[in-house]
Amino acid sequence: MGLPKFKYLEPETIEGAYPLLAEHKEWAKLVAGGTDLLVRMNQRVVTPSHLINLKRIPNLDYIDHVGNEGLRIGALTTLRTLEKSEVVREKFPIISQAVGRVASPQIRSTATIGGNVCLDTRCWYYNQSHHWRRSLAPCYKLGGDCCYVVKGGDHCFSLFSADTVPALIGLGAKLRLASSGGERVIALEEFYTGVGERVNVLQPGEIVVEVQVPDLPSHTGGVYLKYSTRGVIDFPILGVAAVISIDPGSGACKEARIVLGALAPAPIRAVKAEAGLRGTEIKDSLIEDVAEVARKEAGPIVYIEAPVGYKRRMVRVLVKRAVSRALELAQTA
Amino acid sequence: MKRIIELKVNNESYEVAIEPNRTLVKVLREDLDLTGTKQGCDEGACGCCTVLMDGRPVLSCLVLAADARGKEVLTIEGLAGNGQLHPLQEAFYEQGAVQCGFCTPGMILSAKALLDENPEPTREDVKKGIGGNLCRCTGYFKIIEAILAASQALQEVGEQDG
Amino acid sequence: MTEEREKGYWLRKRGVDSKKFSVIGRSLPRIDSKAKITGEAKYAADLKLSGMLYGKILRSPHAHAKILNIDTSNAEKVSGVKAVVTGKETLGVKYGIWRLRPEFMDEYGLAIGKVRFIGDEVAAVAAVDEETAEEALELIEVEYEPLPGLFDVDSAAAEGAPLIHEGIRDNVSVKRRIEVGDVDKAWEECDYIREDAFRTQVVQHTPMEPHACVASFDFGGKLTIWTSTQSPYFVQCLLAMALGMREGDIRVIRPYVGGGFGCKIEMLKHEFCSALLSKTTGRPVKIVYTREEQFIATRQKTPMIMELKTGVKKDGTIVAVEFRNTLDGGAYHSYSVTTTIIAGILCILPYRVPNYRYNGRHVYTNKPVTGPMRGHGALQPMFAFESQLDLVAEEIGVDPVELRLKNATQPGEIKIPNVAHISSCGLSECIEKVSQSMNWRERGGSLPKGRGIGIGAYGFFSGALYNYFDTQLPYNEAWVRVNSDGSVHYFTLASDVGQGSDTILCQIVAEELGVRLEDVNIVSSDTQIVAGDMGAFSSRTTLMAGNAAKTAAADVREQLFKVTANRLGLKVQDELEARDGRIVIKRSGEGISLAEAAQAYQSANNGAPVIGRGVYTPSTPISEGSVVSPTWSFGAQMVEVDVDRETGQVKVLKVATAHDCGRAINPMAVEGQVEGSLHIALGYALTEEVKMEKGKVFNPSLVDYKILSAVDMPEVESFVVETDDPHGPFGAKEAGEGLTIPTAPAVANAIYNAVGVRIKDLPITPDKILKALEEKKGR
């Protein structure tokens with residue numbers, strides 16, 4: 001089909017990008033790897049008048065881990081670089097694991113971590129060509145007033161499908177956002193609105209410049225389990241990250257995070273399930289219970305890719321498996 | 001508005017005047033007549049348009065041509081040198097790894113990126129390395145055999161040279 | 001290719017001595033692969049002609065609607081637009097692949113009066129580039145009056161349902177029946193009878209190369225079209241019909257084709273529209289389908305709703321089978337009458353079924369068009385029958401492998417009188433082979449928890465004989481010319497669409513002439529050169545084109561023998577043979593080179609080159625009673641799976657296949673087919689489904705339609721059982737389509753073996769397994 005026409009703006013500094021964003025506002029889109037945006041443009045899901053290329057901006061492609069200040073990942077770091085990074089593999093294997101499950105080797109060579117956290121939501125009715133959509137009135141996400149996934153639904157039920165994000169939220173990652181007015185740091189978890197029409201809180205003029213991951217306490221284990229039909233290419237039907245820290249002495253769980261991806265317009269923290277783990281020595285029966293709690297916490301599930309009832313069951317199974325595995329890793333760490 | 005960009009493809013420099021919305025695959029195929037790079041989906045799923053950019057496999061349907069400036073692009077046409085097939089090409093030929101041939105250029109380039117990085121891959125490594133290249137004809141079996149055979153051949157060449 | 005490899009993989013059978021051949025029976029690399037590995041090979045989308053325009057097609061957004069008005073005036077005004085055409089600009093004639101029976105021809109080049117599915121072609125634009133053509137499409141205004149859509153066979157075939165095609169009552173376009181023996185009486189002889197219902201889904205062929213073509217009219221009003229097709233001949237004829245031209249004034253050239261699997265057999269709308277646009281503009285017009293168009297606007301595999309009743313004796317002997325089948329055909333007919341009838345035939349091909357009744361009907365629905373796909377008409381019924389046989393085996397306590405061996409078709413049998421007579425059949429051996437490979441008899445009962453093994457058997461055509469296309473031409477024609485330098489030119493219209501037939505056919509010619517494979521140059525798939533080949537489908541090419549090639553090569557050889565005999569002053573008892581590029585006296589080895597023989601022929605004939613001709617028209621098998629196919633391939637497959645009881649996910653661990661292809665002309669190529677067919681077949685069993693709601697396809701993309709990647713494929717082991725068929729060239733039969741049949745039932749049977757749940761509708765997705773497991777637990 002070919003991409004729609006746009007003007008390509010290529011600031012060479014981050015400061016150079018701000019006025020462009022200010023000038024073109026919502027008509028402009030930031031682009032880094034472009035592996036998701038260009039597909040959407042091809043389909044005319046988005047048709048920005050300007051693309052602001054971030055890739056010419058130096059010093060945004062780095063992976064730093066100094067002392068005990070945690071991990072800092074420049075937003076322009078490709079997923080491949082992240083996947084292969086020795087320090088990440090060693091200190092944050094869950095990140096390498098989750099990144100390694102994104103799409104395909106080719107996509108990972110191009111896509112960036114900044115792009116992946118800013119991924120737009122998806123659904124069967126929205127991510128289609130304009131020819132395909134011609135036979136349907138626009139949905140909420142396209143500025144219309146209906147949802148096809150949930151008939152009669154009063155908002156957009158598209159899904160947030162980035163593989164890296166559940167893992168990063170599990171690790172308590174933060175984002176550094178920059179704009180002409182200065183910088184701010186927010187928890188990655190807070191970055192997502194849960195609203196399909198407006199996926200994240202990035203303000204006009206703001207750019208994600210860094211992902212920050214705090215160092216983990218000792219005896220922490222983390223795992224990301226992706227459920228998809230194929231071993232590559234696919235977006236997740238469900239992604240579950242579990243990160244668990246235990247007290248080596250008592251064996252009790254000090255901290256637990258369980259994050260569910262691809263079920264809603266934002267990743268979901270299963271906070272009640274987490275609370276069920278904290279402070280106790282985790283036994284198999286507890287894991288079963290906690291998995292059931294997580295299943296209930298998952299909220300309304302929609303029929304995209306797999307039937308609702310099935311997905312709900314898979315939440316339980318994957319949470320159970322992820323918690324078991326994370327615990328095992330914590331115990332052997 | 002068109003602008004002139006310089007591309008380096010298969011060790012040759014080209015100047016092309018293009019609109020910014022032109023993807024690398026279109027410029028390769030339409031402007032440079034390098035039609036060995038195939039287009040199977042235009043949505044980053046099939047892998048047919050895989051080329052190497054600075055040695056890394058990328059989907060040329062999802063790369064703006066403008067972003068290839070200053071990079072070394074390798075397409076299937078640039079793989080054989082001085083009338084000599086690359087060991088991967090030899091292996092694909094010998095092992096019967098080619099059927100309809102439409103996935104072949106992208107498949108070979110993904111395999112090259114894999115072997116450049118990991119000269120002695122296991123079968124599992126190979127499967128992962130070509131995971132982003134779909135093939136409807138072969139079931140991948142002979143392709144995997146060919147890549148393993150090429151890996152061995154390259155090792156032997158390396159030993160002789162060394 | 002090492003000799004070791006050639007030997008290692010192949011099971012040699014029944015005294016077939018490959019040693020006596022020099023070119024066939026060898027795993028030679030394909031003659032087209034160098035062009036493909038270097039990027040040299042040009043596919044239709046790679047072609048560029050000077051002055052070429054780009055075409056785009058406007059499609060219906062409605063599943064069923066009247067077209068009230070089309071206004072193209074705004075589109076025509078766009079700068080760079082050279083032509084806009086609609087149904088009005090066509091002749092308004094209907095065409096279809098079943099030329100013999102006009103009632104089955106139901107397609108217009110562009111819609112006239114109404115549209116019948118989302119994607120139906122309404123208008124087409126030619127412009128200086130794709131972007132401009134796209135822009136113009138948006139400006140075409142079509143006024144529709146929506147009609148009620150019919151999306152399943154029940155509502156479509158209900159009384160009083162709106163008609164999708166005028167005059168087709170109840171939207172049932174085909175009804176076919178087969179009756180063998182006395183089914184009603186036979187039930188009384190059965191010790192055990194069971195009935196089951198099965199369903200299969202819509203899948204798409206998904207060749208990696210989307211459909212593409214370039215059409216070019218010249219000033220003399222003649223048309224040349226380069227197109228990615230499995231049948232240049234069909235494209236030529238159907239274009240002629242739709243454009244009102246003589247077939248001979250249309251030249252179809254097939255560049256390299258990036259896979260077809262059945263969705264490139266017929267003339268499709270891009271071919272018609274590019275030709276019409278070229279005629280209108282006087283310039284070449286290229287149309288390349290997007291992946292989405294490839295999914296919705298070409299062909300899909302026909303889903304079937306099947307009821308099957310089988311009766312057996314206590315010992316497992318099959319007594320009677322009754323099969324009621326409804327095909328959900330989509331908006332147009334395509335090959336549906338064929339699909340309807342062959343589903344009935346192929347269902348019982350692998351087994352002796354003395355009493356058999358089949359009732360099949362094809363129903364129109366407002367969905368994309370279904371048509372033939374690799375394993376045409378066979379995957380659906382064989383999923384049903386092979387699944388049911390396992391159910392039967394369990395109920396009567398007979399091992400599923402033994403049950404199949406007991407009933408397996410044998411050579412010389414008449415399956416269906418005047419329809420299917422079996423000249424060669426290695427099925428029993430194939431079953432034994434895969435059973436040994438999986439070590440079924442030892443391991444079958446003692447697999448670890450969650451593991452299971454299942455079997456499926458199959459039989460398939462080697463070329464369909466029925467002349468539904470109403471052609472005057474032979475099924476294949478070949479010319480072979482030996483040049484004065486000893487090189488050989490072989491002319492054919494047979495289509496290599498990736499399966500490797502060019503190589504196989506050249507091997508046959510080379511063998512017959514005693515030359516090397518590289519001495520033979522093939523000129524294929526240009527309708528202007530040699531006519532007579534229906535195309536690459538029905539697994540016909542090796543057998544039909546192979547027989548013609550062999551005859552043509554033998555013809556030229558005999559002519560060269562004559563001049564050689566004169567030259568050598570041959571004695572009456574001397575016999576000549578062609579080997580190593582020479583024609584020699586068998587007894588003494590004395591002789592002349594092929595080049596010298598060709599020169600001698602030319603000297604004696606005013607310079608005329610020596611040309612041999614061959615045709616294949618299968619009269620013999622027809623007189624023997626087999627009107628559907630000259631011969632049949634057979635095989636069996638076993639699949640081992642691991643089922644995750646918590647998620648319902650199936651991991652296919654290993655697949656063993658044994659295929660009777662008569663003789664393997666090129667074992668490596670056969671192996672490529674055996675292995676490669678698993679890709680389509682496993683997807684069919686487990687992951688592939690074109691998902692639709694009210695005729696709208698949700699997943700017309702390779703992200704959302706799940707064809708398997710390299711990481712998803714199991715281990716394979718493949719065996720070729722050679723049976724030396726009397727009808728095939730050097731004894732060869734098909735080796736491509738039949739292979740896709742056994743996988744779905746073998747997987748279903750393996751899953752049952754693993755966890756005890758029976759899934760009767762494809763694809764076998766994890767949610768179905770989990771649901772069945774829960775229901776089982778609840779019982």
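All values below come from the heavy atoms of this structure, side chains included, with hydrogens, waters and symmetry mates left out. Order of the sequence lines sets the chain letters (A, B, ...), proteins ahead of strands, with each chain counted from 1.
- Between C/Lys48 and B/Asp33 there is a side-chain heavy-atom pair separated by less than 4.5 Å.
- Highest contact tally toward chain B, considering only C/Asp712, C/Val497, C/Val716, is held by C/Val716 [criterion: heavy-atom pairs under 4.5 Å].
- Rounding to the nearest 0.5 Å gives a distance of 10.5 Å between CE of C/Met713 and CD1 of B/Ile143.
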**Request:** Begin from the C-alpha positions of C/Met668 and B/Lys142 and carry the test side-chain contact (heavy atoms from CB on, under 4.5 Å) through to its verdict.
**Result:** CA-CA 10 Å; C/Met668 183 164 71; B/Lys142 295 205 182 305; 4.1 Å; yes
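- Interface residue C/Ala45: backbone and side-chain heavy atoms are both found under 4.5 Å from chain B.
- For chain C, the nearby part of B/Leu85 is the side chain; its heavy atoms alone come within less than 4.5 Å.
- Most heavy-atom pairs under 4.5 Å with chain C, from the set B/Arg29, B/Gln39, B/Met107: that is B/Arg29.
- Rounded to the nearest 0.5 angstrom, B/Glu94 CD and C/Leu28 CG are separated by 10.0 Å.
- Looking only at side-chain heavy atoms (C-beta outward), C/Gln673 and B/Gln99 come within less than 4.5 Å of each other.
- For residues 113-127 of chain B, a heavy-atom distance under 4.5 Å to chain C picks out B/Lys127, given by residue number.
- Looking at C/Glu293, there are no atoms closer than 4.5 Å to chain B (heavy atoms on both sides), in backbone or side chain.
- C/Leu678 places a side-chain heavy atom less than 4.5 Å from the side chain of B/Phe141.
- Residues C/Thr38 and B/Ile76 have side chains not in contact (no heavy-atom distance under 4.5 Å, counting atoms from C-beta outward).
- Remark: C/Ser33 OG to B/Gln89 CD distance equals 11.0 Å, nearest 0.5 Å.
- Contact of C/Asp496 with chain B is not made at all, since no heavy-atom distance falls under 4.5 Å.
- Comparing C/Leu682, C/Ile680, C/Asp32, C/Val703 by heavy-atom pairs within less than 4.5 Å of chain B, the highest count is held by C/Ile680.
- Residues of residues 40-67 of chain B that come closer than 4.5 Å to chain C, counting heavy atoms only, are B/Gly40, B/Cys41, B/Glu43, B/Ala45, B/Cys46, B/Cys48, ordered by residue number.
- Side-chain contact between C/Phe261 and B/Cys100: absent, with no pair of heavy atoms (C-beta onward) separated by less than 4.5 Å.
- Residue C/Lys654 qualifies as enclosed at atom NZ: its count of foreign heavy atoms under 6.0 Å is above 12.
- Interface remark: C/Thr206 contributes backbone and side-chain atoms alike to the contact with chain B (heavy atom separation under 4.5 Å).
- Using a 4.5 Å cut-off between heavy atoms, C/Val257 touches chain B through its backbone atoms (N, CA, C, O) alone.
- Electrostatic pairing of B/Lys38 and C/Glu209 does not count as a salt bridge here, judged by no charged N lying under 4.0 Å from a carboxylate O.
- When the heavy atoms of residues 129-140 of chain B are compared with those of chain C, the residues falling under 4.5 Å are B/Ile130, B/Gly131, B/Leu134, B/Cys135, B/Arg136, B/Cys137, B/Thr138, B/Gly139, B/Tyr140, listed by number.
- Using a 4.5 Å cut-off between non-hydrogen atoms, the part of residues 7-27 of chain B that approaches chain C consists of B/Asn21, B/Lys26.
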